[in-house]
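Below is one structure, written out as structure tokens, with a few remarks after it.
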Amino acid sequence: MTGGATVHRVTTVAHGSTRLLHRLLEGRDSSCLTHLELLPPRPGVTVDWPAWTPPELRAAFAAQGIPAPWAHQAAAADHAHAGRHVVVATGTASGKSLAYQLPVLSALLADPRATALYLAPTKALAADQLRCLAELAPAGVRPSCYDGDTPREQRDWARQHSRFVLTNPDMIGRGILPRHESWSMFLRRLTYVVVDECHAYRGVFGSHVAHVLRRLRRLAARYGRDPVFVLASATAGQPGTTAARLIGADVHEVTEDASPRGGLAFALWEPPLLPPTDTPWHAVTDADADGPTDTGADGPAGYAPGAHPVRRSALREAADLLADAVAGGVRTLAFVRSRRGAEAVATLARDALAQTADGLEHRVAAYRSGYLPEERRELERGLLDGSLVGLATTTALELGIDLTGLDAVIMTGYPGRLASMWQQAGRAGRRGRDAVCVLVARDDPLDTYLVHHPDTLFGRPVEACVLDPANPHVLGPHLAAAAAELPLKPADLALFGGAPAEAALAELVAAGVVRRRPSGWYWTGDARPDVDLRGAGGAPVTVVETGTGRLLGTVDAGSSHFLVHPGAVYVHQGASYVVDDLDPTDAVALVHAEDPPWTTHPRDSSALSVGSVRSYVDAGPVGLFLGEVEVTARVTGYQRRKRPTGEVIDTRPLDLPTRRLNTVAVWWTVSAPGLDRAGVDPGDIPGALHAAEHAAIGLLPLVATCDRWDIGGISTAMHPDTGAATVFVYDGHPGGAGFAERAFHAAGDWLRATRDVIAACGCAAGCPSCVQSPKCGNGNAPLSKDGAVKVLDLVLDALEGN
Ligand SMILES: [Zn+2]
Ligand SMILES: [Zn+2]
């Protein structure tokens with residue numbers, strides 16, 4: 001069903017999920033519904049408990065209301081019991097926990113000395129598992145958490161007495177492996193390692209975790225153990241291959257989900273065009289971004305006022321949908337990309353509900369990663385007990401806590417990857433109930449493309465997680481750490497990747513970090529090497545209210561210059577604060593309560609230098625390159641804009657330090673005669689390149705498993721290192737995460753889609769659906785939409801003729 005489908009027609013389908021959808025969309029402009037995908041309900045398939053299941057475990061599961069396992073749980077448990085590494089990759093709420101609890105607890109019962117480790121990407125998830133195991137685990141297992149929140153005495157107790165230790169990769173790498181002698185009893189009996197939510201280990205973080213697990217396997221082997229790994233993943237492409245890359249050994253995969261599912265009505269929704277008289281720039285735009293890596297020229301800064309916002313903002317649309325859902329008693333989660341966006345959606349929904357009375361405005365709240373654990377738990381409780389009906393959330397919920405009984409999910413924009421989209425959609429309709437999901441398109445090139453090409457969402461397999469353990473920025477530090485734990489032997493190198501490991505060790509030797517002896521590599525330093533797995537550039541910044549000393553929350557280091565610079569308006573649970581001071585050294589931002597009649601929008605400037613070229617294509621007037629670059633970026637100031645018109649009040653300077661990023665970029669150059677022949681006006685060249693860069697960043701997720709927040713870009717009419725007009729697109733992670741490399745190899749498809757999106761856009765001179773970027777640090781100027789099409793035609797002709 002495409003364009004112009006009426007919401008009324010939907011109701012004629014006898015299907016619980018479409019009835020729910022109708023309740024949500026009733027009275028709205030039906031032309032906004034660009035597609036409706038109906039996913040039929042699926043019955044569950046149970047099987048008998050594996051014959052080896054101990055009777056006391058059967059009884060324990062039965063006491064929890066589980067009379068028999070789903071087929072996928074039993075299949076995964078059988079692999080593990082037989083000593084085969086296994087990953088179970090099935091949908092949200094399909095009972096993946098039982099797939100590892102069954103073999104692990106059976107083994108701990110059978111051998112009263114055996115031990116097991118459980119790794120979660122977050123402390124909250126480990127705590128949640130502990131609650132579960134406390135009810136399930138047989139006496140003598142003594143499950144215990146061991147992480148940064150565990151008090152010292154309890155840590156010692158866990159190390160000495162617990163046979164099932166729940167922790168995270170950071171703690172393994174920093175707390176357990178470097179002190180392996182004191183863990184020797186535990187490691188000598190290590191039977192299983194559970195890696196939960198392993199899809200979280202992707203990109204650079206995933207590459208780090210891959211090496212922590214290799215270090216763990218190496219040390220376990222020295223203590224005579226080869227533990228079986230049981231991994232649990234959300235639905236992902238090629239989970240066995242990814243899991244094998246993660247642990248460094250072959251892994252069997254179980255992907256057939258046998259749990260029951262209700263029907264799902266999945267709507268693609270494009271917000272309506274605003275009437276021309278109604279287009280003064282509104283304060284709430286989709287540009288309220290705080291992506292993980294705001295490194296480059298295109299940091300979150302918002303659109304220039306006066307730009308032509310043709311569509312209603314996705315945030316407003318989502319807020320209205322959320323308010324209607326709450327008014328109709330439909331339990332709903334609205335996923336919003338950014339923290340500020342989540343706050344804005346909750347506030348707008350509350351405002352809308354306050355106007356219709358009934359006190360319903362108190363049943364909507366925001367939930368995001370910067371909140372304190374107590375606050376988050378209270379919100380989770382509220383949603384479970386029904387005192388809250390609607391929650392606007394960042395993707396924090398993707399990891400962890402088991403929320404059940406939700407009727408609807410609203411996505412404010414495509415979450416960047418199909419795997420994330422299905423994870424978010426999976427939050428609705430648990431326990432086999434019918435549910436709805438509405439994807440509200442943001443005003444950007446990718447979302448616009450997707451809601452008009454539903455096959456790219458519903459007809460494609462879910463992406464595989466990308467991780468690259470060979471990244472030298474990751475490999476080197478872990479080899480140093482491994483050598484400090486126990487000298488590395490030549491036979492160890494295969495586990496760490498062979499030749500790249502040897503090269504990285506040679507560098508460590510040259511740097512004097514390790515010494516090569518005939519028997520292996522020895523750590524020579526005094527202090528132990530310390531590897532920050534989340535390496536996004538330091539500790540999160542703590543936000544503190546000056547007068548009261550109250551801790552409001554945290555902001556990750558990479559975003560702090562954009563979100564909590566001095567003068568920034570910072571919103572927390574609907575309350576507005578103004579930042580007095582940001583101390584990057586101590587990672588503290590001081591704020592006071594104030595609700596000024598303006599919003600703040602950071603500006604930044606950045607530069608890029610080419611380190612080396614890895615690969616290139618020489619295509620006459622056009623060159624395509626892949627290589628190492630250094631990006632330096634600084635937030636230079638911020639604009640204050642009046643609410644709600646968006647009129648610029650002034651621009652104020654900031655004195656913040658420069659940040660450096662060594663990474664991998666893809667870039668293309670265009671010669672001056674080429675540009676001339678393509679008919680690009682000399683004065684138009686900067687705008688044409690800038691516009692092409694924005695759209696190319698927006699479309700990169702089509703060919704690489706990243707989203708636009710993982711990457712940055714810089715364009716210039718003359719770059720000193722290339723001697724030509726150049727557009728750079730780079731990975732926002734130190735050492736690169738493989739995105740630029742994918743872009744280089746798929747440049748034809750990538751730039752073709754980019755060119756087509758710009759050319760097909762109905763706007764006059766560029767809009768957020770084509771060439772404007774929500775992250776632009778230059779206020780989206782200059783931009784030349786026509787010039788961008790000419791440049792891309794030239795590049796594509798040259799590359800295709802090559
Ligand atoms: Zn446009
Ligand atoms: Zn820009």
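All figures in this text were calculated on a predicted structure; none of them were measured in a lab. Note that ligands are numbered from 1 as they come in the structure, with each ligand's atoms numbered from 1 the same way. Keep in mind that the numbers below use all heavy atoms, side chains included, and drop hydrogens, waters and symmetry copies.
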Inset, instruction - Compute the angle centred on the Zn ion (ligand 1) spanning SG of C763 and SG of C767, and express it rounded to 10 degrees. - result: 110°
Inset, instruction - Identify, by name, the N, O or S atom of H694 lying closest to the Zn ion (ligand 2). - result: NE2
Inset, instruction - Compute the angle centred on the Zn ion (ligand 1) spanning SG of C761 and SG of C770, and express it rounded to 10 degrees. - result: 120°
Legend entry - Expected output: side-chain H719 to main-chain D721 donor-acceptor under 3.5 Å: yes
Legend entry - Under-4.0 Å salt bridge between R660 and E630: yes
Legend entry - Ring centroid separation F266 to H35 under 6.0 Å: no
Legend entry - Stepwise side chain to side chain donor-acceptor pair (under 3.5 Å) check, E628 with S612: CA-CA 5 Å; E628 277 80 24; S612 60; 2.7 Å; yes
